[in-house]
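Before any comments, here is the structure.
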Amino acid sequence: MSTGATTDPVRRARPAPVLRAGAVAVRVAPRTAAVALAVCAVAAITIVVSLAVGAYPLSVPEVLRTLAGHGDRAAEFAVYDLRLPRVLTALFVGAAFGVSGAVFQSVARNPLGSPDIIGFTTGSATGALIGVLLLGGGSAVIAGGAVGGGLLVAALVYLLARQHGVVRPHQLILVGIGVSAVLASVNGYLMTRARLGDAMQAAVWLTGSLNGRGWEHAVPVGVIVAVGVPGALALSRPLGVLGLGDDMAGALGVPVERVRRTLLAVAVLLTAVATASAGPVPFVALAAPQLARRMTGSPDANLAVSGLTGAALLALADLAAQRLFAPVALPVGVFTGALGGVYLVWLLAARRRGARW
Amino acid sequence: MTRAAGLLAALLVLLAAAVASVALGARPVPLDHVWAALTAYDASPDAVAVRDLRLPRTLLGIAVGAALGVAGCLMQALTRNPLAEPGILGVNAGAAAAVVTATSLLGLTAPGAYVWFALAGAGASFALVYLLGSGGRAGASPARLAVAGTAVAAALTGYTSAIVLFDSSAFDRFRFWAVGALADRGAGALAAIGPFLAAGLLIAATLGPGLNAVALGDDQGRALGARPALIRGGAAAAAVPLSAGGTAAAGPIGFVGLAVPHAARAFTGPDERWVMAYSALLAPALLLTADVAGRLLGRPGELETGVVTALVGAPLFIVIVRRMRVARL
Amino acid sequence: MISRTGRRAVAAVAGAALALTLAACTSGPDDDPAPADDASRTVTDGKGASVEVPADPRRIITLSEPTLDGALALGADVVGTTSGRGQGGPPAYLADQATGIPVVATVAGPDIEQILARKPDLILTDGTVSADDAVLGKLADIAPTVYVSKTAADWRTAFTALGEVLGRTAEADQVLAGYDSQVAEVKGKLGEHADDTVSIVRWGSGQPSVLLRELTPSTIVADLGLRRPPAQDREGEGHSQPVSRENLDQLDADWMFFGTLGGPTNPQGGNAGAAAGVAASEKALTSDAVRTPGFTELTAYRNDHVVPVDGSAWASAGGPLAATVILQAVADAMAEPSA
């Protein structure tokens with residue numbers, strides 16, 4: 001199935017300004033730029049609101065005083081050590097998921113494409129579960145287990161799907177399904193055999209949560225995003241060509257297999273770091289590219305807009321998950337799933353006519 | 001001819017699995033006691049295990065397996081998506097949300113009590129997915145169906161997580177329900193879902209030729225005299241009771257409906273009639289084999305069926321996928 | 001954990017990337033949000049680390065059931081606690097004693113800002129809750145945070161350690177002496193049942209399971225000198241052991257204490273514990289267990305010796321209050337009427 005990866009000749013024919021930054025040149029349609037700006041604005045507002053509200057009561061003047069360096073100790077702790085790193089982690093993690101989702105959807109040529117396809121999410125879940133349930137580990141062990149498990153499984157799926165040096169998208173998907181199914185059953189087994197408390201703790205991690213995320217989470221994922229996203233952007237031109245199909249792209253002189261491998265590696269890296277920081281937050285990788293495509297009206301999954309959308313989506317979802325049912329704070333994963341799902345349902349219902357998925 | 005022979009072989013495999021399912025279990029019962037339990041029941045622990053636990057469980061396994069296998073065929077044909085399975089079209093999520101509602105908010109705790117909820121939840125969410133995915137004049141577009149399914153599933157899963165993460169007893173029930181199991185569901189579950197499965201299988205049996213025509217694409221299908229909208233509506237009408245019934249009785253055993261049709265296709269080629277017939281036999285065989293293996297491996301407890309299904313089936317599935325020469329999706 | 005200065009530097013760098021103006025303000029006074037108490041002691045926690053705690057803590061947060069149980073038994077001032085194993089409030093068996101204590105942590109983790117708002121001077125946790133160490137690091141910035149004991153530690157050792165952390169060792173000894181005398185008292189009343197076998201069953205939804213020797217309820221039953229049926233008389237893996245319904249006879253004994261963590265609970269709080277407890281176990285027994293083929297054939301059932309008990313106590317990691325509930329249930333069921 002090749003949805004959304006085909007090019008629209010009418011839209012393509014329209015000349016678009018080219019944005020240059022050193023060696024990287026990106027063609028930017030005016031509507032895309034406008035959408036990107038709007039999404040940035042949403043993210044910025046989310047940051048401000050996130051700093052201002054929380055279970056610890058702080059008035060807006062108090063927050064402002066704290067930001068100016070004159071807050072009391074508790075206020076400073078709440079703003080600088082709790083709220084700021086948390087919202088930054090949300091933005092970085094969301095951006096990483098958004099970009100990697102866009103890559104996977106293009107490479108797998110399937111609107112359901114996401115890191116789940118190559119078993120990454122279930123693999124990282126298995127790694128994390130082993131960390132929580134068998135090694136009784138702290139956050140470092142869990143994160144390590146998640147990244148290790150995810151990478152191991154992604155590599156395994158890639159190798160199993162590879163035949164005669166070639167990986168066909170549909171085989172990648174099917175092998176990913178098989179391997180994911182095994183791991184999902186292992187995960188289910190671990191969940192049923194663990195103590196109830198451990199199992200629930202693991203379930204929270206598997207849902208995706210930003211509770212207690214601090215600078216030690218925000219910084220690594222921020223660095224990887226800063227490195228990985230431009231890398232993915234630089235590769236996004238051949239990505240568009242890959243959407244034409246392997247044969248056509250090959251005829252155009254694109255080293256299909258190598259580009260696909262590099263892109264997948266970058267996407268897996270982004271997913272790995274994001275998952276290690278916040279758990280496998282559902283739906284962001286799946287929804288952000290879809291939303292980006294809807295908003296820009298472009299048939300291609302624009303990596304930059306996908307990343308920005310993912311960032312804004314996750315930060316907004318975390319804010320809502322914390323405050324909407326106060327004093328009960330939900331893990332953000334509960335909310336991204338529900339929010340993204342309801343939005344897509346609404347989109348489908350509202351645009352039943354003429355929508356092309 | 002070879003396809004017919006293969007079908008016979010599949011039937012024999014299923015029979016063997018059924019015999020094993022009655023004879024073997026977590027409790028070691030000598031074979032003569034097994035026979036005695038079936039012919040001269042005496043309420044001893046051995047007899048109870050064989051006649052009251054294993055026999056209904058085996059029948060349930062056959063029914064659920066056949067339902068999931070055929071439902072998987074229908075959904076893959078319906079969506080023309082290799083990812084299609086009850087989970088993708090929102091069935092598992094709908095059943096889970098309903099089960100959690102029943103156990104957590106309404107306090108129904110016995111598995112027999114929430115089968116009806118699962119059935120209703122699964123059916124309702126599938127119906128919603130189908131409605132959303134089949135907008136406008138074009139009828140149900142495969143890709144839109146898949147996106148609608150994912151969207152509905154995501155929303156429902158969020159609801160389910162929100163409930164179970166704050167209610168340990170509901171979570172405790174949910175984690176066992178969520179792996180999928182044939183144990184402890186009993187004859188009540190089979191009686192509850194039986195009519196739905198029968199209806200679904202009957203409808204499915206009439207759809208084979210139409211699905212073959214539609215598989216070529218709507219335009220070609222129409223050229224062959226098929227009515228794509230009608231065929232797809234029929235496929236949905238069969239897939240809903242099958243997948244909802246199977247999931248309601250045994251929990252979300254996802255892999256069977258996904259993988260067995262692919263495996264069957266490797267033997268039969270793309271003819272949907274054969275694919276469905278093979279799946280109806282091979283899926284329960286896989287499910288029962290996994291169930292027996294789970295009982296033997298998990299002694300003195302059991303490994304849940306859903307856990308073993310993938311462990312048994314997935315390696316096989318990967319080998320088949322690697323041997324497939326071209327995409328026949 | 002990065003030092004406070006380090007965090008500030010990191011804050012400045014990371015913040016600059018996204019919000020330059022915000023990050024520019026990160027150089028403030030360099031000290032901790034929670035002021036150290038005047039009088040303090042140093043205790044060694046369950047991981048071997050030294051923690052400085054107030055001599056007489058007045059505002060205690062308990063993040064686990066055993067620490068809540070123990071703190072309440074010692075009459076300490078608990079200003080915030082956890083919602084059991086995910087229920088809407090504290091475990092059912094503590095519902096009375098814990099009335100009015102706000103829930104500041106769910107199984108999803110402690111709500112750091114709510115804990116900050118409670119202004120605690122001591123935070124207690126242990127191995128029964130597997131909290132994220134990043135979260136624990138944040139909590140330690142709010143108030144001294146003590147990991148009292150590991151999961152495997154038996155409840156007496158854990159409770160003694162808790163007494164030391166709270167600076168109430170004398171009271172802790174007193175509570176334990178009270179337990180010992182209650183054990184002696186119940187033991188004396190068992191009469192002809194003193195040598196009976198006792199099965200401890202947790203009726204989950206997936207399948208029944210039994211509590212093997214190392215779990216707290218088992219040790220209490222052992223303290224009473226009661227024996228276990230052969231299938232349960234062994235060490236397990238630290239949690240209840242599932243039993244296939246085909247092997248239902250493994251649940252059998254002279255007596256069966258039958259508990260479940262069942263019943264609807266209200267996720268928004270309120271009287272969440274009310275539906276758990278004995279009533280939930282009774283319901284699981286009558287609506288589910290007796291319908292399992294073979295259950296009514298069990299000796300314990302035929303002798304009317306299946307005792308529905310409060311699963312929240314009988315499945316807990318334990319503490320003196322849970323132990324009292326368990327002893328009382330055994331006494332109510334098995335003691336000679338005359339004694």
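A note on names: the letters A, B, ... follow the listed sequences, proteins ahead of strands, and every chain is numbered from 1. Quick note: numbers below take in every heavy atom, side chains included, and nothing from hydrogens, waters or symmetry partners. All of these numbers come straight from a predicted model, not from anything done at the bench.
- Looking at A/His217, the atoms closer than 4.5 Å to chain C (heavy atoms on both sides) all sit in the side chain, from C-beta outward.
- Between C/Lys138 atom NZ and A/Asn211 atom CG the span is 10.0 Å, to the nearest 0.5 Å.
- Here the CG atom belonging to C/Leu116 is positioned 6.5 Å from the CZ atom belonging to A/Phe77, to the nearest 0.5 angstrom.
- From A/Tyr56, atom OH reaches atom NZ of C/Lys119 across 4.0 Å, with rounding to the nearest 0.5 Å.
- One finds the CZ atom of A/Arg213 at 9.5 Å from the CD1 atom of C/Ile112 (value rounded to the nearest 0.5 Å).
- Put simply, CG on A/Leu82 and CD1 on C/Ile142 are 6.5 Å apart, with the number rounded to the nearest 0.5 Å.
- Contact detail for A/Ala55 and C/Ala117: the closest heavy-atom pair is O-CB, 4.4 Å.
- Comparing A/Gly222, A/Ala75, A/Gly54 by heavy-atom pairs within less than 4.5 Å of chain C, the highest count is held by A/Gly54.
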